[in-house]
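Below: the structure, in structure tokens.
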Amino acid sequence: MNDVISMAEKPQPHQRPDWDEYFFEIMDAVAKRGTCDRGRAGALIVKEKRILTTGYVGAPSGLPHCDEVGHLLRTVVYDDGEKHQHCVRTNHAEQNAIAQAAKYGISIDGATLYCKFEPCLDCAKLIINSGIRRVMCLRRYHGAKDTREMFRQAGIELVVMHDELEEYENQ
């Protein structure tokens, strides 16, 4: 029996993820709990490399979820005339992560938020008022033009890892 391993068979050394990769991987796991298939997003609030809260997209506690009863869609018309469908049954992942911090008395002032795509305008306002200072996103969001400007004015650092638009059905 030959104990010699060829270079082709030799296992590659473990590639330890950097902190952002690590938190995005956890955010992806949190998103799997989402109960609305339109984006099925997750969010993670982190401070000093410690996870403070998580959130995923879903109806308010105790109310029926989209996956159970269907979407509650509304058409939103943007200034440029473009129309998009929004499900109003759910809270966004960012909202749920911030609400969890409020419910349990966890300060998120100065924290970083990890999310699937750029926050909507309502989430952006909550993020600013909660004291979050940095927002890390995987992709762009079609309705985030005002969010980008608001974050710029508020001094919130916005990092988008992949300059591509998040797409989902009935957008």
Side-chain angles (χ1 to χ4, degrees), residues 16-61 63 65-67 71 74 76 78 84-168 171:
R16 188 173 185 210
D18 67 28
W19 285 106
D20 290 333
E21 292 168 336
Y22 172 72
F23 291 129
F24 276 125
E25 287 176 16
I26 295 170
M27 181 220 59
D28 188 50
V30 170
K32 292 176 183 174
R33 290 279 307 153
T35 60
C36 180
D37 64 3
R38 294 175 47 79
R40 220 175 284 280
L44 209 66
I45 300 177
V46 174
K47 189 172 183 180
E48 298 173 6
K49 299 178 183 167
R50 300 290 178 257
I51 298 168
L52 302 177
T53 66
T54 64
Y56 52 84
V57 67
S61 296
L63 299 182
H65 295 288
C66 296
D67 289 350
H71 299 291
R74 298 293 184 260
V76 175
Y78 291 94
H84 289 276
Q85 293 287 310
H86 290 269
C87 182
V88 297
R89 181 179 310 285
T90 62
N91 288 325
H92 293 174
E94 300 91 335
Q95 293 167 334
N96 282 330
I98 291 168
Q100 188 181 76
K103 183 175 182 176
Y104 294 105
I106 300 168
S107 173
I108 55 177
D109 191 40
T112 296
L113 173 83
Y114 288 83
C115 51
K116 189 172 184 182
F117 43 86
E118 292 171 297
C120 72
L121 186 58
D122 288 334
C123 288
K125 292 183 277 187
L126 284 171
I127 289 165
I128 291 166
N129 281 354
S130 71
I132 291 170
R133 302 307 307 154
R134 182 175 177 235
V135 176
M136 299 289 295
C137 312
L138 287 178
R139 284 179 279 296
R140 298 255 175 233
Y141 174 59
H142 68 267
K145 178 183 174 193
D146 292 331
T147 292
R148 289 181 213 118
E149 177 58 22
M150 198 172 276
F151 279 175
R152 186 193 65 72
Q153 289 178 16
I156 306 269
E157 180 185 0
L158 175 64
V159 178
V160 179
M161 302 302 288
H162 306 288
D163 193 18
E164 57 191 38
L165 191 63
E166 176 69 19
E167 294 187 24
Y168 47 88
Q171 198 165 359

Are [X] and [Y] packed together at the side-chain level, in the sense that at least one heavy-atom pair is separated by less than 4.5 angstrom?
X: I51; Y: I26; answer: yes
X: I98; Y: I108; answer: yes
X: Q85; Y: R38; answer: yes
X: V159; Y: M161; answer: yes
X: R40; Y: D67; answer: yes
X: R133; Y: I156; answer: yes
X: I128; Y: M150; answer: yes
X: L113; Y: M136; answer: no

Got a second to check how far [X]'s [atom1] is from [Y]'s [atom2], nearest 0.5 Å?
X: D109; Y: I106; atom1: CG; atom2: CD1; result: 14.0 Å
X: S130; Y: E94; atom1: OG; atom2: CD; result: 11.0 Å
X: F151; Y: D146; atom1: CZ; atom2: CG; result: 11.5 Å
X: L63; Y: T90; atom1: CG; atom2: OG1; result: 11.5 Å
X: C115; Y: F24; atom1: SG; atom2: CZ; result: 7.0 Å
X: L138; Y: D28; atom1: CG; atom2: CG; result: 8.0 Å

For [X] and [Y], which heavy atoms make the closest approach, and how far apart are they?
X: N96; Y: Y56; result: ND2-O, 2.7 Å
X: V30; Y: A43; result: CG1-O, 4.2 Å
X: P119; Y: C137; result: CD-SG, 4.1 Å
X: P17; Y: E25; result: CB-OE2, 4.3 Å

From CA spacing to verdict: salt bridge (charged side-chain N to carboxylate O under 4.0 Å, His left out), E118, R148: CA-CA 8 Å; E118 292 171 297; R148 289 181 213 118; 2.7 Å; yes

Would a distance-only check, ignoring hydrogens and angles, find a side-chain to backbone donor-acceptor pair under 3.5 Å from [X] to [Y]?
X: Q100; Y: T54; answer: yes
X: K47; Y: L52; answer: no
X: T112; Y: V135; answer: no
X: N91; Y: A59; answer: no
X: Q95; Y: H92; answer: yes

Pair R140-F117, side chain to side chain contact (heavy atoms under 4.5 Å, CB included): steps then yes or no: CA-CA 5 Å; R140 298 255 175 233; F117 43 86; over 6 Å; no

Any side-chain donor near an acceptor of the partner, D37 and H71, under 3.5 Å: yes

Parallel, tilted or perpendicular: rings of Y141 and H86 (30°, 60°): perpendicular

NZ/NE/NH1/NH2 to OD/OE distance under 4.0 Å, D20 and R134: yes

Neighbour count above 12 (heavy atom, 6.0 Å) for Q153 CD: yes

